[in-house]
Amino acid sequence: MREYLEAGKIVATHGVRGEMKLELWCDGAEFLAGFKTLYFSETGAAPRAVGSVRPHKGMALLTLAGVGSIEEARPFLGRVVYIARSEARLPAGRYFLQDLIGLAVRDSDTGRVYGRVTDVTHPAAQDIYTVLTPSGEECRFPGVPEFLKGLYPAQGYLLVAPIPGMFSAAENADAPQGAADGKTAPESGDAPV
């Protein structure tokens, strides 16, 4: 597991007193405000003391110790900020997304492995897990209790209760009309009148 994890990217300055706008890649400004130090390298190099962090329009406004003007803030534009895993306090059952990437996806009933997690996104109400199957197919499933039965990063896997077709090519019920019996559906413009 990596010790230093991406927390966001500085995308703009804000005002003239050294505040910077941070695109958040973590749970939010409140989470980030719990850190006294941010790092500007995935190896933990270039530590900077945090002055303040506050939410602002889906992002965070960040000040760093020793940065008190817009001129001093500009060199940080485009830089990724990292947090130290050892300084983070996660509630039980919560994990860093980095720790979920690469997990084997196992059937909770049979133990069958469907593939490995390659990405976790949060486009709406729940996380969406992307899985690369052994055949190279990319599949997705929502991280809701009906499908996601358990996360076990320390053991290298997660458990799912899949529905038919979740991790395989289209089944007969999902195939285009006529494909199940060897016929093909008419192309547009070829439909009978």
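Side-chain atoms are counted along with the backbone in the values below, which use heavy atoms only and exclude waters and symmetry mates.
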Legend entry - Neighbour count >12 (heavy atoms, 6.0 Å) for atom NZ, K149: yes

Inset, instruction - Kindly check if the number of other-residue, nucleotide or ligand heavy atoms within 6.0 Å of CD (Q126) is above 12? - result: yes

[atom2] on [Y] to [atom1] on [X], rounded to 0.5 Å:
X	Y	atom1	atom2	answer
K57	H14	NZ	NE2	8.0 Å
I101	T118	CD1	OG1	6.5 Å
Y39	L5	OH	CG	11.5 Å

Inset, instruction - Go through the side-chain N and O atoms of S52 and T63 and say whether any donor and acceptor fall under 3.5 Å apart. - result: yes

Inset, instruction - Identify whether the distance between the nearest side-chain nitrogen and carboxylate oxygen of R17 and E19 falls below 4.0 Å. - result: no

Inset, instruction - Taking only Lys NZ, Arg NE, NH1 and NH2, and the carboxylate oxygens of Asp or Glu, determine whether R94 and D27 approach each other closer than 4.0 Å. - result: yes

Inset, instruction - Report yes or no: does E87 contribute a side-chain atom to a donor-acceptor pair with the main-chain N or O of A84 at less than 3.5 Å? - result: no

Legend entry - Donor-acceptor contact below 3.5 Å, side chain R85 vs main chain R2: yes

Inset, instruction - Could you tell me if the ring centre of Y114 sits under 6.0 Å from that of F167? - result: yes

Legend entry - Aromatic ring proximity F147/F141, centre distance under 6.0 Å: no

Legend entry - Non-hydrogen side-chain atoms of Y95 and L100 separated by less than 4.5 Å: yes

Legend entry - Criterion side-chain contact (heavy atoms from CB on, under 4.5 Å) against L32, the qualifying member of V50, L38, L62: L38

Inset, instruction - Compare every heavy atom of F96 with every heavy atom of A88, then report the nearest pair and how far apart it is. - result: CB-CZ, 3.5 Å

Inset, instruction - Start with the C-alpha gap between S86 and E3, add the side-chain angles, then the distance that decides, and say whether side chain to side chain donor-acceptor pair (under 3.5 Å) holds. - result: CA-CA 7 Å; S86 60; E3 172 59 20; 2.9 Å; yes

